[in-house]
Amino acid sequence: MSKYDPIKTEAKWHKIWQESNLYQTPPSARSKLYNLVMFPYPSGNLHIGHWYNFGPADTLARYSKMHGRGVLQPIGFDAFGLPAENAAIARGLMADEWTTHNIEIMTGQLNKIGAMYDWSKTLNTSQPEYYKWTQWIFLELFKAGKAYQKDGLVNWCPSDKTVLANEQVVNGRCERCGAMVERKNLKQWYFSITDYVDELLDDLTTLDWPERIKDMQRNWVGKSEGAKVTFATTDASKKLEVYTTRPDTIFGATFMVIAPEHPLVRELTTKENLTAMTEYLDQAGHKTDIDRMEAQDKTGVFTGSYAQNPATKQNIPIWVSEYVLMGYGTGAIMAVPAHDERDYEFARKFDLEIVQVIDGASVQDKAHELTGKLINSGDFSGMDSGSAKTAITAWLEASKLGKPQVQYRLRDWLISRQRYWGTPIPIIHCDSCGAVPVPEKDLPVLLPLKQKFGKDGRSPLLDNPDYQKVKCPKCGGDSKRETDTMDTFVDSSWYFLRYPNPSYQDGPFDPVAVKQWLPVDQYIGGAEHAVLHLLYARFITKFLHSTGHLDFSEPFTKLINQGMMLGPDGNKMSKSKGNIIDPDSYVDKYGADAVRVYLMFMGPYDEGGSWDPKRFEGAHRFINKIWELCTTKYIETNLDSTVEAELEAKLHKLIKKVTEDTQASKFNTAIASTMEFINFSSNVKRAGQASSEQWRSMVMTLVKLLAPFAPFLTEEIWERLGNRSSVHLEAWPEYNPALIADNTKTIVVQLNGKLRSEFIVDSKQAFNKEELERLARQQVATMLSDSKISKVIVVPGKLVNFVVS
RNA sequence: GCCGGGAUGGUGGAAUUGGUAGACACGCCAGUCUUAGGAACUGGUGGGGUAACACCCGUGGAGGUUCGAGUCCUCUUCCCGGUACCA
């Protein structure tokens, strides 16, 4: 029998599967599985991380299909976006040409994976028939008042020349290109994600997602409970609102601090302090976020004004400092230096009063941030922090000086981008009517193709009068089309709704198909989208739910996170480190099955790992061993009924193990047990101890168990075994529990918990305590001869432990 | 700083959830085959110890609970991911 040729075999089956439409999505199914991977960005090449995501995801899909579930497993492209635009500029190409070219290449690579993609259900977010509906969703949000324009401080990436959402700023840098983000005052479009903040937080408990992802979302939303308190200036002319999580410390508020961008800064600054203030504001305005973060020392300037602490009635100075951020709370704080580290540092530096109001630790050298018993707090002294928070907030509320307040860190989603390659924002700016939405009948607003890029990547839309010139849909007057496009995360926030029927014309998604397939049953992808895509998609789903377009409010019931694939050196793969593994070279030499098996055997799926070329050999050998075992002639020479029974028992144990492990995405242990079984059955084969019929039936079962892992190899073997139809249409094997029960058990004998001996006992005897103790005593009789047994512990079916002195 | 995850042979990793630590695989060593190399196959492989057994040590570190701890508790070191003047 010839050696296994993965290249020929894989090409052969890929063709047959395609021609026979083997993986066509069933129109309906009693039990459905919407198995989804995060669709790729058409960067030009499928990298090893894609394989690590898509291969095991397909194994899960195939496993479910064999369980009789109707499976929808689509694939498409997240095709708009900056990298394509930048690459096109760099190569002097059109963005659409570059994207189309990459999609062609990547489609070929995707086919090699051997995944059961249904290519009749693919989509591409840069196509007008798709982005028409992205625009439609924008208009729905606009109608509901949840897409709005706002003037304000935004994150600006000077290298990509566009604004960014908060979620796209990582450590003060642009998530895409790593450039330091600047702050700018601009009028931009936002989506009101904060309107859904409580649902986004609370519904996390209903989701079957990894806890760490849920925690990341919880942290990002950043809910905190406290109080809003109003402080009046001493002349009562102005009011300053502050947010605090520690109303119990209000008696210790000895000064106030407001952000440099606070609207009252100018008004509060007295003549004597004006020069210093102007200087301070000027240098603060020039700093990037990074500068601010890295500032070692607290800086600040006194305004010259005072406010009255409503609790102590004392006059306290109002300062301006960068450590108070305009974007959180009210942009002003009551500073309690005794009980807040930052306020403490500021007070020490500028020699401000420190009054301790919580007992329990000295504030001589540092702030005391814990809760405790109140002191120096008037009528509230003696209470503990917990009840004082409630009592003081109630008192503030009764005196109309404050109220309980819940604060979130999450801000609205800034979706405008000053770039060309994205979904045009369907808005027309009219001098008399303002921002007017493009009427639905005029959708899509087509993105003009074949555009030459301006200098420095300037959006061609800005220099395209034909695109901009438009009549106002309201008054018919001359007006100007919006030239910004949408963040690509808007495109990807709803794509999973369209997959079930991507050619649907009458809406963004086909309600019948959505009813059949949604929500997504399992979503498989990396953790890098925890607070980006996954949060946005939940928001859009909740919006469409609240407006009656969907009857579910969470898009992804179950989330599976694969770990990260690292280079052979254990580092994140990057061009600069030169440690990028190209999957194609392995696929072209050893086949997709070997690559899939390698990736799944490597270790726990959610932990990832580094690519080790040496260890790849193991997966390759595994494939060859299966081939050898299943396709070379079996000769029955030396029948042994004990071995036959053992083979049968091991097979059924294997079915159980592979079933349970695959279900739990524990691919590595599923494969390990299969290897173990193959080692055992190779010995049986060599000795010819089992009947030919048993052997043949065992091989058939084994091939079915392996089908989701190595789809090409198993299909070829299946055919050679004489089967006419595909192994991928077979039903998943079931195990017989009666065959799994061992008829003997190994009982361990311990002395003081240490292994000393073991014996085999008939399963019927394994739970008879007296018998086990008797047998165990025989085993270690000589060792026990001159020791005193103080206790005997018998664990039925497992062990006997003698405690001796 | 805060939140989450982790540390087991030369390497990747197993371990029925408190009951034989190191499954499976890589690598290495020896052997068979081969002109040779490779491939394939067979056996061995945590450390110490022994002629071979016996025996001792061993899951980042220090304690503890228990007849028995990789697994539970307390403290601690280091690594990874997320997040951060968030009041």
Side-chain angles (χ1 to χ4, degrees), chain A residues 3 170-172 210-220 222-224 226 242-246 249 253 257 259 292-295 298 321-325 327-336 339-343 345-346 369 407-410 527-528 530-531 563-564 566 570 572 597-598 601-604 606-619 621-622 624-625 628 657 666 668-679 682-683 686 746-758 783 789-795 797-804:
Chain A
K3 223 183 145 216
V170 178
N171 287 324
E211 271 315 309
R212 64 183 169 130
I213 302 292
K214 293 203 225 176
D215 274 329
M216 280 159 86
Q217 290 210 352
R218 284 190 191 106
N219 286 337
W220 190 260
K223 182 176 183 170
S224 76
V242 303
Y243 171 70
T244 178
T245 52
R246 293 293 303 273
T249 63
V257 188
R292 284 202 183 193
M293 263 190 262
E294 285 171 352
K298 293 271 180 292
S321 173
E322 284 182 314
Y323 86 89
V324 173
L325 310 174
Y328 184 77
T330 60
I333 61 159
M334 63 172 211
V336 185
H339 306 289
D340 181 281
E341 210 181 294
R342 296 152 303 175
D343 298 345
E345 199 191 319
F346 195 81
E369 295 197 306
Q407 190 69 41
Y408 301 93
R409 219 183 61 111
L410 183 74
E528 66 274 17
V531 293
M564 208 197 301
L566 305 170
K572 213 169 166 170
V597 165
Y598 169 77
F601 182 61
M602 200 173 66
D606 56 357
E607 283 174 29
S610 43
W611 179 275
D612 186 341
K614 273 194 208 155
R615 213 165 279 130
F616 183 84
E617 196 52 48
R621 279 181 204 151
F622 177 62
N624 287 335
K625 270 187 191 171
E628 165 79 18
K657 178 80 175 154
K666 286 156 85 177
N668 55 332
T669 47
I671 294 173
S673 348
T674 310
M675 288 173 167
E676 219 170 327
F677 178 79
I678 283 172
N679 291 342
S682 297
N683 291 333
R686 205 171 308 121
T746 302
I747 305 296
V748 166
V749 186
Q750 297 179 332
L751 286 185
N752 292 335
K754 287 190 178 177
L755 174 72
R756 280 297 177 273
S757 181
E758 61 183 42
M783 292 178 225
I789 300 173
S790 52
K791 203 172 170 186
V792 182
I793 287 138
V794 182
V795 183
K798 287 214 167 112
L799 60 84
V800 179
N801 185 17
F802 295 100
V803 185
V804 298

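Residue numbers start from 1 in every chain, and the chains themselves are labelled A, B, ... in the order their sequence lines are given, proteins ahead of strands. Note that these values count all heavy atoms, side chains included, but never hydrogens, waters or copies made by symmetry.
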### Query
Between the base of B:rG1 and the side chain of A:Glu341, is there a donor-acceptor distance below 3.5 Å?
no
### Message
Using the C1' atom as the point on both nucleotides, what is the distance between B:rC67 and B:rA30, in whole Å?
### Response
43 Å
### Summary
Per the O4'-C1'-N9-C4 / O4'-C1'-N1-C2 angle with a 90° window around 0, B:rG43 comes out anti
### Message
Side chain of A:Lys798 only, heavy atoms from C-beta on: which candidate in B:rU16, B:rG27, B:rC24 is closest?
### Response
B:rU16
### Message
My understanding is that a pair needs two contacts under 3.5 Å, Watson-Crick or G-U wobble. By that rule, which nucleotide pairs with B:rC53?
### Response
none
### Query
Considering only side-chain heavy atoms of A:Phe601, which listed nucleotide, B:rA87, B:rU83, B:rA25, is closest?
B:rA25
### Query
Who does B:rA69 pair with, Watson-Crick or G-U, both distances under 3.5 Å?
none
### Query
Considering Watson-Crick and G-U wobble pairs with both distances under 3.5 Å, what does B:rG4 pair with?
B:rC80
### Query
Which whole number of Å gives the distance between the P atom of B:rC75 and that of B:rU11?
31 Å
### Query
Cation-pi between A:Lys298 and A:Tyr323: NZ/CZ under 6.0 Å from ring centre and within 45° of the ring axis?
yes
### Message
Distance check needed: B:rA23 P versus A:Phe622 CZ, whole Å only.
### Response
18 Å
### Counter-base of B:rA40, judged by Watson-Crick or G-U geometry with both distances under 3.5 Å
B:rU32
### Message
If we count only N and O atoms by modelled type, under 3.5 Å, do the side chains of A:Asn683 and A:Arg686 hold a donor and an acceptor together?
### Response
yes
### B:rA15 and B:rA25, which share atom name P, separated by this distance in whole Å
16 Å
#### Entry: Upstream residue (5' side of RNA chain B) when A:Asp215 and A:Val803 are each assigned their closest nucleotide
A:Asp215
### Query
Between atom CD1 in A:Ile747 and atom P in B:rU20, what is the gap in whole Å?
12 Å
### Message
Checking contacts here: which listed nucleotide (B:rA87, B:rC56, B:rU42) is nearest the side-chain heavy atoms of A:Tyr243?
### Response
B:rA87
### Query
B:rU17: syn or anti, with syn meaning chi within 90° of zero?
syn
### Query
Start at the 5' end of RNA chain B and walk down; is the nucleotide closest to A:Thr244 or to A:Arg212 reached first?
A:Arg212
### Query
A:Lys791 side chain N/O closer than 4.0 Å to the phosphate oxygens (OP1, OP2) of B:rC67?
yes
### Query
With a 4.0 Å cut-off on heavy atoms, is A:Arg621 in touch with a base, just the backbone sugar-phosphate, or nothing at all?
sugar-phosphate
### Message
Under 4.0 Å, counting only non-hydrogen atoms across every strand here, what does A:Glu676 touch: a base, just sugar-phosphate, or nothing?
### Response
sugar-phosphate
#### Entry: Atom-pair distance (CZ on A:Phe802; C1' on B:rG68), nearest Å
14 Å
### Message
Strictly by Watson-Crick or wobble contacts shorter than 3.5 Å, is anything paired with B:rU20, and which nucleotide is it?
### Response
none
### Query
Counting any heavy atom closer than 4.0 Å, what does A:Lys625 reach on the DNA or RNA strands: base, sugar-phosphate only, or nothing?
sugar-phosphate
### A:Arg342 vs B:rC86: side-chain N/O to OP1/OP2 distance below 4.0 Å
yes
### Message
Tell me whether the side-chain N/O atoms of A:Arg756 come closer than 4.0 Å to OP1 or OP2 in B:rA54.
### Response
no
### Integer-rounded Å distance: B:rC2 C1' and A:Lys223 NZ
19 Å
### Summary
Considering only heavy side-chain atoms of A:Leu325, the closest of B:rG12, B:rU20, B:rA87 is B:rA87
#### Entry: Among B:rC26, B:rC86, B:rA14, the nucleotide that comes nearest once only the side chain of A:Thr669 is considered
B:rA14
### Rounded distance (Å) that lies between atom C1' of B:rC26 and atom CH2 of A:Trp611
14 Å
### Message
B:rA87, OP1 or OP2 - any side-chain N/O from A:Lys298 closer than 4.0 Å?
### Response
no
### Query
Which atoms form the tightest heavy-atom contact between A:Tyr408 and A:Lys223, and what is the distance?
CE2-CG, 3.6 Å
### Message
Counting only Watson-Crick pairs (N1-N3 plus N6-O4 or O6-N4) and G-U wobbles (N1-O2, O6-N3), all under 3.5 Å, who is the partner of B:rU45?
### Response
B:rG27
### Query
Hey, what do you get for CD (A:Glu369) to CZ (A:Arg246), rounding to the nearest 0.5 Å?
8.5 Å
### Query
So, A:Ser610 side chain and A:Leu566 main chain: donor-acceptor pair closer than 3.5 Å or not?
no
### Query
Can you tell me if the side-chain N/O atoms of A:Arg686 get under 4.0 Å from OP1 or OP2 in B:rU42?
yes
### Message
Taking only the C1' atom of each, what is the distance from B:rC72 to B:rU17 in whole angstrom?
### Response
11 Å
### Task
Check whether any side-chain heavy atom of A:Thr669 sits under 4.5 Å from a side-chain heavy atom of A:Lys657, and report yes or no.
yes
### Message
Check A:Arg218 with A:Glu211, please: is the shortest side-chain N to carboxylate O separation under 4.0 Å?
### Response
yes
### Query
When the P atoms of B:rA21 and B:rA69 are considered, how many whole Å apart are they?
11 Å
#### Entry: Nearest-Å distance once atom C1' is located in both B:rU74 and B:rU66
16 Å
## Note on the structure
Of the candidates B:rC24, B:rC67, B:rC26, the side chain of A:Asn679 sits closest to B:rC24
### Message
When you measure from the side-chain N and O atoms of A:Tyr328 to the phosphate of B:rA87, is any distance below 4.0 Å, counting only OP1 and OP2?
### Response
yes
### Summary
Output for pair (A:Met216 CE, A:Glu528 CD), nearest 0.5 Å, gives 9.5 Å
### Query
P atom, B:rU71 versus B:rC55: distance in rounded Å?
25 Å
#### Entry: Atom C1', compared across B:rG60 and B:rC80: separation rounded to whole Å
15 Å
### Summary
Here the distance between atom C1' of B:rG13 and atom OH of A:Tyr598, to the nearest Å, is 12 Å
### Message
By the 4.0 Å heavy-atom rule, please label A:Asn668 as base, sugar-phosphate, or nothing.
### Response
sugar-phosphate
### Length of the CG-C1' vector between A:Leu751 and B:rG68, whole Å
12 Å
#### Entry: Reference residue A:Phe616; test ring-ring contact (aromatic ring centres under 6.0 Å, His included); the match among A:Phe622, A:Phe601, A:Trp611
A:Trp611
### Query
Can you tell me how far P of B:rA39 sits from CG of A:Asn624, to the nearest Å?
12 Å
